[in-house]
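Written below as structure tokens is the structure these notes are about.
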Amino acid sequence: MVAVAELSIPTAAGVFDAIAAGPPEGRPVLLLHGFPQTSLVWQRQLAALAAQGYRAVAPDQRGYSPGVRPPRAEDYTITTLVDDVIAITEALGWPTFDLVGHDWGGAVAWWTADAHPGRVHTLTVVSTPHPGALAVALRIDEDQRTRSRYMRDWRETPATEDRLLADAARLLRTLYANKVPRDAEDAYVRHLSRPGALTAALNWYRAGRPSHPIGTIDVPTLYVWSTQDTAFGPTAAQETGRWVTAPYHFETLPDTTHWIPEEAPDTLNDLLLEHLNGQGG
């Protein structure tokens, strides 16, 4: 059994909570979670990476870590979230690192690889298309516009927190679609039910558009998408390859929903390790 340890990572923005596994001298991998989850989403990946000698760290990102939970939505811009990634890796002493992200963590991963290609050795994004590809899909594809309406609702509805947490968080629990292990679902709900936590998580949606466009990615990239993803449709997924100039591999998981790291952990682990091992140390 691979041991998973809890970490506290001090930065200028505050202290990030994290979980980690693998030898401290191992090749560093940073894993970024999305909404409405925490670093616990990566437990199976941490174990698989550690077993292969990697040093894997998964932080609770801004708003999810109590030590970095500013109240204002404008403190959750994509530029700030990317700055957090760099601050975390600098605190860990990692000049370069492999980067993995799912859902919102995937968006942050794309933007980090764009802004800091010299720091990111490889990129693996699960579910989330390249932001430029998503923008294209939103412009030309009514299906994607329909899928993305929830984001506008969450941005513009102040009562979203109350609705999600009402009746023992019934609506929040429906988001996991019975595809996340129940103990993990309970842990996420407990975490997001704490004072200020859900508002902080929703501030990611409310922070406003990026101040500048994202470019193409010049980092070796693996993109894993699933056919039953309700948030991201095939148009954006298939468009994503046009936004990567480095070696690129697109993998589609059939009959799998948005919650790939927990619903198909073994498949994802195999793909991730193949990608990392194929790019050397």
Side-chain angles (χ1 to χ4, degrees), residues 4 19 21 31-49 56 58-61 63-64 100-110 124-129 134 137 143-144 146-151 153-154 160-161 163-193 197-198 201-202 204-205 222-238 240 250-273 275:
V4 176
I19 54 177
L31 300 99
L32 306 176
H33 68 85
F35 178 88
Q37 298 178 296
T38 69
S39 58
L40 293 176
V41 69
W42 297 117
Q43 290 183 95
R44 295 283 293 274
Q45 286 69 47
L46 291 175
L49 289 163
D60 288 342
Q61 295 197 79
Y64 295 83
V100 182
H102 173 248
D103 188 80
W104 254 113
V108 176
W110 285 117
T124 300
V125 179
V126 185
S127 301
T128 314
L134 181 58
D143 173 67
Q144 185 58 60
T146 299
R147 292 170 186 261
S148 296
R149 280 176 188 156
Y150 74 94
M151 291 189 280
D153 293 341
W154 290 354
T160 297
E161 291 89 329
R163 291 193 294 110
L164 288 172
L165 294 178
D167 191 20
R170 181 185 57 81
L171 185 56
L172 178 59
R173 288 182 182 275
T174 65
L175 299 180
Y176 305 110
N178 294 318
K179 299 298 183 179
V180 170
R182 184 55 187 258
D183 60 341
E185 177 183 310
D186 290 343
Y188 301 146
V189 170
R190 284 195 303 271
H191 190 98
L192 292 169
S193 296
L198 186 54
L202 289 168
W204 287 51
Y205 295 92
L222 167 66
Y223 175 43
V224 183
W225 174 76
S226 48
T227 60
Q228 301 305 307
D229 194 311
T230 57
F232 303 115
T235 299
Q238 293 161 7
T240 289
F250 174 40
E251 191 74 27
T252 298
L253 303 188
D255 304 319
T256 306
T257 71
H258 181 75
W259 311 107
I260 293 172
E262 291 162 305
E263 186 178 352
D266 294 337
T267 300
L268 178 59
N269 291 348
D270 289 345
L271 291 168
L272 175 58
L273 287 167
H275 179 52

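All values below come from the heavy atoms of this structure, side chains included, with hydrogens, waters and symmetry mates left out. Just so we're clear, the structure is a prediction, and the values are computed from it rather than from any experiment.
Considering L172, L164, L198 in turn, L172 is the only one that fulfils the side chain to side chain contact (heavy atoms under 4.5 Å, CB included) rule with P36. The only member of V100, V4, L49 that meets side chain to side chain contact (heavy atoms under 4.5 Å, CB included) when paired with W42 is V100.
The two atoms that bring L222 and L271 nearest to each other are CD2-O, 3.6 Å, heavy atoms only. The two residues N269 and R44 come nearest to each other via the heavy atoms ND2-O, 3.5 Å. Nearest approach of A237 to P129, heavy atoms of both residues: N-CB, 4.4 Å.
For E262, the side chain to side chain donor-acceptor pair (under 3.5 Å) test picks out Q37, Y188, with sequence neighbours left out. For D143, the salt bridge (Lys or Arg N to Asp or Glu O under 4.0 Å) partners two or more places apart in sequence, or in a different chain, are R147. Applying the ring-ring contact (aromatic ring centres under 6.0 Å, His included) criterion to W225, with sequence neighbours excluded, gives no partner residue. For the side chain to side chain donor-acceptor pair (under 3.5 Å) test, residues two or more places apart in sequence or in another chain that qualify with H258 are D103, D229. Annotation: ring-ring contact (aromatic ring centres under 6.0 Å, His included) contacts of W110 (sequence neighbours excluded): H130. The side-chain contact (heavy atoms from CB on, under 4.5 Å) search around T174 returns L171, not counting sequence neighbours.
Taking CG from D183 and CD from Q43, the interatomic distance works out to 7.5 Å, rounded to the nearest 0.5 Å. Here H275 contributes atom NE2 and D270 contributes atom CG; the two are 14.5 Å apart, rounded to the nearest 0.5 Å. The distance from atom OG of S148 to atom CZ of F232, rounded to the nearest 0.5 Å, is 7.0 Å. The structure places CG of D60 at 5.0 Å from OG1 of T38, a figure rounded to the nearest 0.5 Å. Between the CG atom of L46 and the CG atom of L40 there is a distance of 9.5 Å, given to the nearest 0.5 Å. Annotation: the span from L192 atom CG to Y64 atom OH amounts to 6.5 Å, rounded to 0.5 Å.
One N or O on the side chain of Q144 and one on the backbone of A231 form a donor-acceptor pair closer than 3.5 Å. Between the side chain of Y223 and the main chain of S127, a donor-acceptor pair closer than 3.5 Å is present.
The closest side-chain heavy-atom distance from Q61 to V108 is below 4.5 Å. At least one side-chain heavy atom of Y176 sits under 4.5 Å from a side-chain heavy atom of V189. At least one side-chain heavy atom of L32 sits under 4.5 Å from a side-chain heavy atom of P59. For the pair F35/L202, a side-chain contact is recorded, criterion being any heavy-atom separation below 4.5 Å from C-beta on. No side-chain heavy atom of V41 sits under 4.5 Å from any side-chain heavy atom of L31. L268 places none of its side-chain heavy atoms less than 4.5 Å from the side chain of L253. Counting heavy atoms from C-beta outward, T256 and T267 have side chains that stay 4.5 Å or more apart. Using a 4.5 Å heavy-atom cutoff, the side chains of T252 and T227 are in contact.
Remark: R163 CZ is packed, more than 12 non-hydrogen atoms of other residues, nucleotides or ligands lying under 6.0 Å away.
A salt bridge between D186 and R190 is absent, with no side-chain N of the basic residue lying under 4.0 Å from a carboxylate O of the acidic one.
Using the six-membered ring where Trp is involved, W204 and H33 have ring planes that are tilted, between 30° and 60° apart.
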Given the rule in the side-chain contact (heavy atoms from CB on, under 4.5 Å) test, do V126 and L272 qualify, once you have shown the distances and angles that lead to the verdict? CA-CA 10 Å; V126 185; L272 175 58; over 6 Å; no
